[in-house]
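Below you'll find the structure, written out as C-alpha cells, and then a few comments.
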Amino acid sequence: MLPVLLEARSLTKSFPGVRALKGVSLAVSRGEVVAVIGENGAGKSTLMKILAGVQIADTGEIRIDGVPAPLRSVEEALGLGIALIHQELNLAQNLDVAANLFLGREPRRWGLIDTGRLRQEAGQFLQAVGLDVSPDTRVGSLAIGQQQLVEIAKALSTQARVLIMDEPTSSLSAGEAENLFRVIQDLRARGVSIVYISHRLGEVTRLADRVVVLRDGENSGELARHEISHAAMVRLMVGRDLSQFYPHQPHARSETVLEVDGLRTPAHPTHPLTFQIRAGEMVGLAGLVGAGRTEVLLALFGVQPAVGGTLKIGGQPLRAQTPAQAIAAGLALVPEDRKREGLVLGMPVRENLSLASLRQDQRRGFRDTAREETLSAEMIQSLRIKTPNDRQVVQFLSGGNQQKVVIGKWLALKPKVLLLDEPTRGIDIGAKQEIYRLMEELADQGVAIVFASSEMEEILGMSDRVLVMHEGRITGELSRHQLSEEAILHLATGTASPESHP
Amino acid sequence: MKKLLGIFGLLLAVCLFATWASESFRSGYNIENLIRRTALFGVLGIGVSFVIVTGGIDLSIGSVICLVGCGLPWLLTVQHWSLPAALAAVIAVSVGIGLAHGLLITRLRLQPFIVTLCGLMLYRGVTRGFTADQTVGFADGYKGLRVLATGKIPVPGIQGFEIPAPWAVLVVVAIAAAIFLNRTIYGRYLLALGNNENAARYSGINTSRMIVLAYVLCSTLAGLGGVLFVLDVNSAQPVDFGNFYELYAIAAAVLGGCSLRGGEGSILGVIIGTALILVLRNVVTLVTNHSNIEFAIIGAVILAGVITDELVKRYAIRRRAARELAQ
C-alpha cells in the first residue's frame, strides 16, 4: 500500500439552514484514483471545495503527508499541491494556451514576460496531457475536451500532486472522454493522485481504484477495486428507509390538463419529449444535473421558448414565447434559483407577492393598493410566511419563507399547472415539510403539479408518477407502485441501455 | 426617506452658508434665477431617473437638448415652419430618439452606455451640420411661447420676488412622474426590473417594453428641456448648447437617491439633488469668485455624497448582522 498523501478526517460544514457535511472522511494515496459518488446534495461538492481551499471546514482535520494542513485559501491548497478542476472551465477564452497555463505566474526576464521560455514550458505540459496543439493557439478556438486538457496541464504546471476533477465528462463527447481517461491513467502511472467525481457509474467502474460513497453529508461506505460494481454503488448511494416525512396521498385521477407533444428544447433540439399531466396529479421530474429537466420547465414557461412541438393546456393550444403568455394560459413557475429568478430581493414581501397579479388587478394602469394589501395579508396568513410585516425586504427572510413568497406570488392567479424547479433547495427541514404540505393542498384543489428535483427522497415521497430524464431524453416513466431509488438511478444514469451513451 | 432628509439637510446647510457668506445670494433676482434653473435641470433629472431606475444610463441628453434647442428656432426662423409643425417635429424627434435607444438596447442587447454615447456624438454633430454651426434664436419673435420659460408668477404679499414659470412646468412634470412611478403598475414594473430583471420577466412582465418606455420618457423630457432652455436664453450655439447637461442630470438623480445599479429612485429626491448642484455652483461663483473651479467642487461633493451613502449602507448591514447574531 502506498503512503497516504491527502487525508481528511471528520470534516463538518454548515450553511445557513443546511448541514452540508456531518463528519466526512477521505484518504487518498499517491498515484491512486479515488472516485467520490453520491446523490445530488450528498455533500460531494462541499467536500471538494474544502479540499481545494475554496471553502473552509467548520471542524475536522486535513493532513498532507501526515502534516496538518489548514487549507484556508485556494493559493494555500495549490501551494500544497491540490488543484481543483471545476465542472465549468475557468479559462480566459481570449488568451492563447501558453498565457492561460501560466496566468499570474509568467516566467519573466527584466520585468517583461519571457515569451520564449513561456512557450517552451507550455509545450512540455501540453505534451504531458497529450494535447497536440501549438502553445499560441487561442483557447476559445479549442473544443471543450481540449480546453479541459489545458486545465489539467495548467494544474500540472503548478506541481499539483492531487487533481480533483468535478464531473469532468459532463460536457465531453465519447471520443474526448476516452482521451481524458487515457490521460488520467497516464497521470496515475506518474504518481499523481486523482479524486474523481462523477454521476456516470460506468466511468467510475472503469477508472477508480477505490470508490468513496457519500450520503446526506456522511460517509455511507467504501468499495475497494475488486468490490466495485454498479449494483454495489447504487446500494450505498441509496438504502435508507423513507420516513413519514412526506405528506403524500395519491390523488384522484382527473382529466388531462397539460398535453406536451414532441416538445423540443433549445438545449436538446434532437430529443422530442411527449407527456401528459392530469389535474390534481403530482409528477416528479427526476434525473442527474444536466439531464435537461430545467430546460423542459423553462420551455413550457416560455423563458427559453421551445423550438418544436405542441403544447395544450386544458385543451387550448399554447405557443409560449414569453412567460407572460404562459401565465395567461394558466402556467406558473417556481424557478430553480429563487434569488436570481424568483424574487426581487430588494423589494418588500408585499411587492413580491403582488408582482405577478398586478396586471390582473389593475385599474386602468393604476395599482389597486387596497387589493395589494389584502392579497399580501392573505398570503402571509395562509402560507404561514414568517415575517415581521409585509413591508419587510424579502432578502432578510429565511430560505423557506422566501420560497413561500415565490409560491404565494402565483396563487392569486389560480394557475392550472404549477411547475416547480428544485422546490426545496437550500431550505431547512421544517420549511421543506411546509412546502410539501402546500404542494399537496394545491394538488387536492386540482392544480396539476410538475416538479423537478435532484433529491431522491423528495421524488419518491411526493410523486404520483415520475418521468426520468437522461441527457435530454425521457428514459422512462414510473408509476407510484414502480417507484424505487434503484429504478430511478438506473434510468437517470443511462445504465439501463448503455449503448445510448454518446 | 432618511436619504431624502439627509440630502435635503445638506441643501439647507449649503443655502444657510451661502446666505451668510454672500449678500448677492439672498437677492430676489438670484433666488428667482436659481429656481428657474433648478426647474429646467429638474425636468432632465426626472427623465434620466427613469432610465437609471432600470439600471441603464443615458449620456445623450445634452445632445438631444442641442438638437431640439437649436432645431426649434432653426425650423421657425430659417425654414419658416409654422409653430405647431415645428413643435410637433421636435417632439417626434425626441420620442423617436428614445425609441431607437430602447430598441437597440433591448432587441440587439447593446449596452446603454455605448448606444447613448454614440447618440451624444451623433445628435450634436447632426445639429452642427444642418445649422452650419450658426447661432440660432428667436430674436424678438414668439414672445407668447417664451413666457413658458421666462414668465413669472407673482406671489401675493411678497415684493421683489416672483416664481419663475418653468417651476410650474416642473411641478406638473414631477407630479405626473411621481404618480407614474409610485401609483401605476408600470412604475412598479420599472422598479422591479431594475432590481432584478430576470425575476420581473419570470413574473410575466414584458421587461423589454418597459425598458423602451424608460428611454422614451427620458428623451422626451430631454426634448422638453431643450425647448425650455432655448426659450429661456433665446439663442443657441450648436457647438456647446446643452454641453454636459446629461452629467448634471445624472449627478442630480444619483444625489437624489437613484442607484446606478437600478431599482431605486425618488422624484422628489431628484429635484432636491438638482437644486443642491445648482446652489453649489452658484455658491462657488459668488463666494470664491473662481467659477472655473465649479466642476471640481461639484465633483467632490457628489463623490463625498455617494461615499457617505455607501458607508451608511454598510454600517446598517453590519448592525443588522450583529443584531441577528445576538438573537
Side-chain angles (χ1 to χ4, degrees), chain A residues 16 297-298 301-304 320-329 331-348 350-369 371-372 393-396 398 405-406 409-410 413 415 419 421, chain B residues 1-3 52-55 106-107 175-211 213 217 257-266 313 316-325 327:
Chain A
L297 299 182
L298 293 183
F301 196 61
V303 175
Q304 290 168 8
Q321 297 296 314
T322 65
Q325 291 167 343
I327 292 165
L331 282 170
L333 171 70
V334 175
E336 183 175 16
D337 187 340
R338 69 177 157 270
K339 292 187 177 167
R340 290 184 50 182
E341 292 141 5
L343 295 168
V344 182
L345 278 182
M347 280 188 154
R350 183 198 294 181
E351 301 184 4
N352 271 286
L353 281 170
S354 67
L355 196 56
S357 49
L358 282 179
R359 184 194 311 274
Q360 168 190 285
D361 295 336
Q362 67 173 306
R363 288 184 177 165
R364 300 177 178 211
F366 283 85
R367 282 190 291 116
D368 186 339
T369 46
R371 165 84 187 133
E372 227 183 319
V393 174
V394 82
Q395 186 174 5
F396 299 118
S398 71
V405 173
V406 181
K409 174 169 83 173
W410 296 117
L413 294 174
L419 312 170
D421 200 353
Chain B
M1 210 55 221
K2 274 183 196 152
K3 208 170 182 174
I52 292 177
V53 158
T54 69
T106 54
R107 291 284 165 85
I175 288 175
I179 288 175
F180 179 80
L181 195 60
N182 300 315
R183 288 272 170 262
T184 68
I185 62 171
Y186 309 107
R188 176 64 59 75
Y189 288 175
L190 281 179
L191 289 164
L193 80 89
N195 242 299
N196 185 344
E197 189 174 342
N198 265 330
R201 200 159 62 94
Y202 277 68
S203 299
I205 295 166
N206 188 337
T207 50
S208 297
R209 196 183 298 164
M210 294 310 304
I211 291 171
L213 178 66
L217 286 173
C258 293
S259 161
L260 285 180
R261 285 183 213 110
E264 260 180 273
S266 139
K313 221 182 274 174
I317 288 173
R318 262 208 308 278
R319 213 177 44 177
R320 176 174 210 114
R323 213 173 38 226
E324 269 169 20
L325 211 65
Q327 274 173 8

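No hydrogens, no waters, no symmetry mates; every other heavy atom, side chains included, goes into these values. First the proteins, then the strands, lettered A, B, ... as listed; each starts at 1.
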Query raised in the report: Quick one: what part of B:Tyr189 sits under 4.5 Å from any heavy atom of chain A, side chain, backbone, both or neither?
Result: side chain
What part of [X] gets within 4.5 angstrom of chain B, counting heavy atoms only: side chain, backbone, both, or neither?
X	value
A:Leu298	side chain
A:Ile327	side chain
A:Gln325	neither
A:Arg364	neither
A:Gln395	neither

Requested in this report: Please tell me if the side chains of B:Arg183 and A:Thr369 come closer than 4.5 Å, counting only heavy atoms from C-beta onward.
Outcome: yes
Query raised in the report: If we only count heavy atoms from C-beta on, is the A:Leu358 to B:Ile205 side-chain gap below 4.5 Å?
Result: no
Taking every non-hydrogen atom, the tightest pair across [X] and [Y]:
X	Y	answer
B:Ser203	A:Lys409	OG-NZ, 2.8 Å
B:Ala199	A:Gly342	CB-C, 4.1 Å
A:Gln362	B:Ile185	OE1-CD1, 3.7 Å
B:Tyr202	A:Val303	OH-CG1, 3.5 Å

Report task. Report the distance from atom OH of B:Tyr186 to atom CZ of A:Arg367, rounding to the nearest 0.5 Å. Result -> 13.0 Å
Query raised in the report: Atom CG of A:Leu355 and atom CZ of B:Arg188: how far apart are they, to the nearest 0.5 Å?
Result: 8.0 Å
Report summary line: Of A:Pro335, A:Gly346, A:Gly365, A:Ala326, the largest count of non-hydrogen pairs under 4.5 angstrom with chain B goes to A:Gly365
Query raised in the report: With distance as the sole test, does B:Asn196 use its side chain to make a donor-acceptor pair with the main-chain N or O of A:Leu343 at under 3.5 Å?
Result: yes
